[in-house]
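Atom set for the values below is all heavy atoms of this structure, side chains included, hydrogens, waters and symmetry mates excluded. Below, chain A is the first sequence line, B the second, and so on; all start at residue 1. Everything quoted here is computed from the prediction, not taken from an experiment.
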Protein chains: 2
Amino acid sequence: MTITPTPQTSLGHPVQAPRSNGPVGTGEPPKRSRSATRERLLDAAAVVFAARGVAGASVEEVCERAGFTRGAFYSNFATKDELVVALLDREEGALLDQLTTALGDALTDPDPVGACAQRLFELQPFGAHNYALRAELTLLAVRDPSLAAPYRATRRSFRDRFLPFLSEGLAAARLELTVPADDALDTLEALFEASVRASIVAGDPNAPDNLAARMLPVLLGAMTTPRCD
Amino acid sequence: MTITPTPQTSLGHPVQAPRSNGPVGTGEPPKRSRSATRERLLDAAAVVFAARGVAGASVEEVCERAGFTRGAFYSNFATKDELVVALLDREEGALLDQLTTALGDALTDPDPVGACAQRLFELQPFGAHNYALRAELTLLAVRDPSLAAPYRATRRSFRDRFLPFLSEGLAAARLELTVPADDALDTLEALFEASVRASIVAGDPNAPDNLAARMLPVLLGAMTTPRCD
DNA sequence: TGTATTGGATACGCCACCGTATCCGATACG
DNA sequence: CGTATCGGATACGGTGGCGTATCCAATACA
């Protein structure tokens with residue numbers, strides 16, 4: 001299961017509603033608008049970067065996959081790096097969205113903890129493609145301090161927006177954290193990361209019996225205490 | 001603190017004692033032996049790959065840093081990929097060595113758990129350079145299934161050789177695992193990885209107050225039970 | 001001391017990719 | 001209905017880096 005820039009079924013860019021620009025709300029045909037092309041380029045970049053790595057990916061392949069030429073690209077982004085930063089921004093939002101809805105769903109499950117483990121594990125951002133992309137973006141921040149700042153900001157924003165959901169979930173389960181929320185989040189994130197990576201490398205993605213599923217209850221138990229209210 | 005292939009003070013390769021090869025112990029001038037050049041190339045590759053990424057690194061820079069030309073390189077490795085695999089192999093051994101000695105030291109500490117957290121955290125393989133290198137090698141395995149197999153084998157071997165030390169350490173602390181040893185190892189590794197990454201990105205490496213130090217006792221408590229023997 | 005073998009350096013061809021400068025078509029506007 | 005503007009395509013020069021083919025030096029060996 002090599003990660004390849006899947007041959008692109010059509011010119012459809014399934015996910016991500018186009019950021020509104022100009023007069024919107026009217027169902028225009030995919031207008032030749034600046035922001036629309038940016039989105040398509042970003043979509044393409046996500047796939048190609050995931051497969052080949054940022055350094056290994058050529059601007060050309062990104063454009064090709066997006067259905068444009070390099071001319072269009074350089075008309076939208078000054079450089080490849082700029083594309084990377086833009087992508088980093090976008091991915092954070094996508095991740096947050098998916099996390100929160102998945103968590104919301106899981107809470108209605110008879111076994112909330114187990115449901116969390118499995119549902120989060122199956123999230124797109126934890127699939128092979130997106131895992132590679134996220135890992136690489138992180139790696140870039142580790143290497144390049146000029147990216148570290150935006151990276152930290154992005155994470156901070158993610159945290160601030162996600163923590164409420166975590167609290168909510170714990171409250172619903174009648175649990176209270178016994179460690180700092182940031183630490184809990186980091187630890188759980190690390191667990192999922194390791195779990196997803198192991199599954200990918202093992203070749204059986206979405207394995208229902210994964211590290212996260214086994215360890216989440218244990219870790220959660222260690223980091224929380226039942227609350228009597 | 002950008003990760004740069006430090007300007008190389010001289011032609012010395014400071015870290016990493018040279019793996020003995022041929023008649024060693026006598027202080028010969030760096031003999032012109034095949035395996036010695038391989039080692040120097042590998043040393044150089046570790047640094048350059050860490051700084052620029054595998055794809056971003058040129059064979060030329062690796063050679064330059066090792067003090068050779070590309071001719072020498074291609075006489076020792078068929079391709080850049082081959083170099084990567086060789087490096088992957090070597091790093092695993094180095095990590096294991098350092099881990100075991102660090103753990104050994106920590107066990108003599110009055111506070112074994114705290115000492116573990118701090119000593120492991122300060123290990124070279126967890127420094128910025130090596131973290132980036134290891135993260136990238138992992139990422140390559142995620143992307144390329146032909147690397148996934150060697151990667152799994154490497155990890156398996158690492159596990160098999162490390163688990164005894166873990167058991168030993170736990171025994172010394174009169175503890176017994178309540179979860180599968182593999183899971184425990186994966187979880188702890190994930191914790192350290194996240195901790196190290198956070199410190200690097202935050203810009204304060206070797207921070208004595210890190211995620212691992214805070215959470216290791218908690219996790220350890222969750223995964224073990226005191227043993228009465 | 002002369003010859004063979006091994007390790008490394010030099011030099012070359014080649015291709016991918018980048019970034020820009022210029023050109024073309026379509027929509028917006030008066 | 002003509003004209004300006006905007007988005008994208010084409011075309012081009014330039015560079016970096018890969019892999020190889022050939023040449024040179026030193027050691028091993030006889």
**OP:** Using the test ring pair (Phe, Tyr, Trp, His ring centres under 6.0 Å), find all partners of Tyr151(A) that sit at least two apart in sequence or belong to another chain.
**Re:** none

Original post:
Who pairs with Phe68(A) by ring pair (Phe, Tyr, Trp, His ring centres under 6.0 Å), at least two apart in sequence or on another chain?
Top reply: none

Original post:
Quick one: is Thr37(A) getting a side-chain N or O under 4.0 Å of the dG8(D) phosphate, OP1 or OP2?
Top reply: yes

Subject >> salt_bridge(Arg214(B), Asp186(A)) N-O dist < 4.0 Å >> reply: no

Whole angstrom value for the distance that separates [atom2] of [N] from [atom1] of [X]:
X        : N       : atom1 : atom2 : value
Glu64(A) : dA16(C) : CD    : C1'   : 13 Å
Arg40(A) : dG7(D)  : CZ    : P     : 15 Å
Leu41(A) : dG7(D)  : CG    : C1'   : 12 Å
Arg34(A) : dT5(D)  : CZ    : C1'   : 12 Å
Phe77(B) : dG8(C)  : CZ    : P     : 11 Å
Arg52(A) : dC17(C) : CZ    : C1'   : 14 Å
Arg38(B) : dT6(C)  : CZ    : C1'   : 16 Å

Original post:
What nucleotide, of dG7(C), dA9(D), dG8(D), holds the atom closest to the side chain of Thr69(A)?
Top reply: dA9(D)

**OP:** Hey, could you give me each pair passing salt bridge (charged side-chain N to carboxylate O under 4.0 Å, His left out) that has a residue in residues 127-136 of chain B? Not counting sequence neighbours.
**Re:** Arg143(A)-Glu136(B)

Subject >> salt bridge (charged side-chain N to carboxylate O under 4.0 Å, His left out): pairs with one or both residues in residues 66-75 of chain B, sequence neighbours excluded >> reply: Glu60(B)-Arg70(B)

Original post:
What is the per-nucleotide protein-contact pattern of nucleotides 11-23 of chain D, from the 5' end, where B denotes a base atom under 4.0 Å from a protein heavy atom, S denotes such proximity for sugar-phosphate atoms only, and - denotes neither?
Top reply: BB----SBBB---

Original post:
What residue pairs, at least two apart or across chains, pass side-chain hydrogen bond (donor to acceptor under 3.5 Å, both in side chains) with a residue in residues 74-89 of chain A?
Top reply: Arg34(A)-Ser75(A)

